[in-house]
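Owing to the predicted nature of the structure, the values given are computational and were not obtained by experimental measurement. For ligands, and for the atoms within them, numbers begin at 1 and follow the listed sequence.
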Amino acid sequence: MTKLLALTDIHIKPVGQTIIGLDPYENFKRALKHAFDHHPDAERVILMGDLTNSGTPEEYARFGEVLKSCDKPITLMCGNHDQRDNLTAAFPWATLDANGFVQDAFVYGNTRVLTIDTQYGPPFVSYAHFGAYCDARFDWLNTQLAAAKAEGQNVALFAHHPPFKVGLKGLDQIRMRDDKRMAQTLAFADVPVHLLCGHLHRTISGSWHGHGFTVFKSTCHQTPLAFDDPSMSLSTAEPAAYGVILLTNDGVIAHTEDFDLAEDDVQPSSEAMSDA
Ligand SMILES: [Fe+2]
Ligand SMILES: [Fe+2]
């Protein structure tokens with residue numbers, strides 16, 4: 001079994017700036033420390049996009065400061081709040097595909113882990129909070145899925161933007177818009193796929209065209225459960241979280257940990273057992 005850590009929607013801002021009173025930098029530091037203290041056996045850290053709030057060099061420098069505490073392999077992903085050029089300039093070790101998209105693939109046991117770049121563009125468009133996937137990226141994905149099929153592997157598909165709707169009117173507008181083509185691509189690949197997404201700042205699970213999915217909370221601010229509100233930016237200071245993913249021979253398991261609520265003095269509860 002392989003354990004991965006997933007942190008998403010970190011939204012680092014310049015010194016002294018907060019989001020609804022929350023400090024993204026301090027939250028990220030606390031999340032990463034909690035994850036490392038409790039999961040020293042994790043193989044890799046996947047940072048799932050919206051690494052910064054505006055994608056400026058100043059914000060990437062602050063993000064990089066926190067990463068200095070990380071002694072594990074790191075995978076970076078690109079979200080709508082990032083700027084791909086600034087991201088890759090700040091972190092030249094980030095893995096890019098042959099066309100310059102921030103995409104990576106690695107294999108643990110019989111699971112092929114794919115981290116895809118769903119940012120609209122280039123060119124960068126600051127107001128394009130919806131995601132996209134293009135011919136070049138679909139070519140890359142088709143190659144990876146064919147390799148998974150040939151090797152008999154499960155696929156853990158990490159994407160910042162979910163291609164599926166979740167019933168939240170505001171956020172459904174800013175999903176990855178090449179959703180039909182993505183569904184066709186995954187169907188044609190004929191391999192077991194579990195999607196792991198960010199962007200929605202809320203814990204959500206379900207299935208889409210037969211594929212399981214998990215959406216993780218932000219390490220900073222969250223989205224309230226407001227189904228009919230058309231706003232794309234409603235935020236609440238509900239507890240933040242990170243993801244702990246277990247890759248087994250049988251499939252993908254996704255846990256989520258509210259790191260500010262997690263208690264270390266865990267005790268057995270005989271009452272709870274007898275009530276279960
Ligand atoms: Fe975000
Ligand atoms: Fe996002």
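A pairwise comparison of heavy atoms in Asp228 and Lys169 identifies O-CD, 3.6 Å as the closest pair.
Per residue Asp50, closest N, O or S atom to the Fe ion (ligand 2): atom name OD2. The N, O or S atom of His199 with the smallest distance to the Fe ion (ligand 2) is ND1. Asp9 contributes OD1 as its N, O or S atom closest to the Fe ion (ligand 1).
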**Steps toward side-chain hydrogen bond (donor to acceptor under 3.5 Å, both in side chains) verdict (Lys217, His201)** = CA-CA 4 Å; Lys217 280 181 169 178; His201 293 227; over 6 Å; no
**Message:** Run Lys29 and Glu65 through salt bridge (Lys or Arg N to Asp or Glu O under 4.0 Å) and show every step you take.
**Reply:** CA-CA 10 Å; Lys29 272 205 314 196; Glu65 282 172 28; over 6 Å; no
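Under the side-chain hydrogen bond (donor to acceptor under 3.5 Å, both in side chains) test applied with His199, the options Thr8, Asp9, Thr223, Asn80 reduce to a single match, Asn80.
Contact annotation: His81 places no N, O or S atom under 2.8 Å from the Fe ion (ligand 1). Inclusion of His160 in the first shell of the Fe ion (ligand 2) is supported: an N, O or S atom falls under 2.8 Å.
Between Tyr25 and Phe63, a ring centre-to-centre spacing not shorter than 6.0 Å is recorded.
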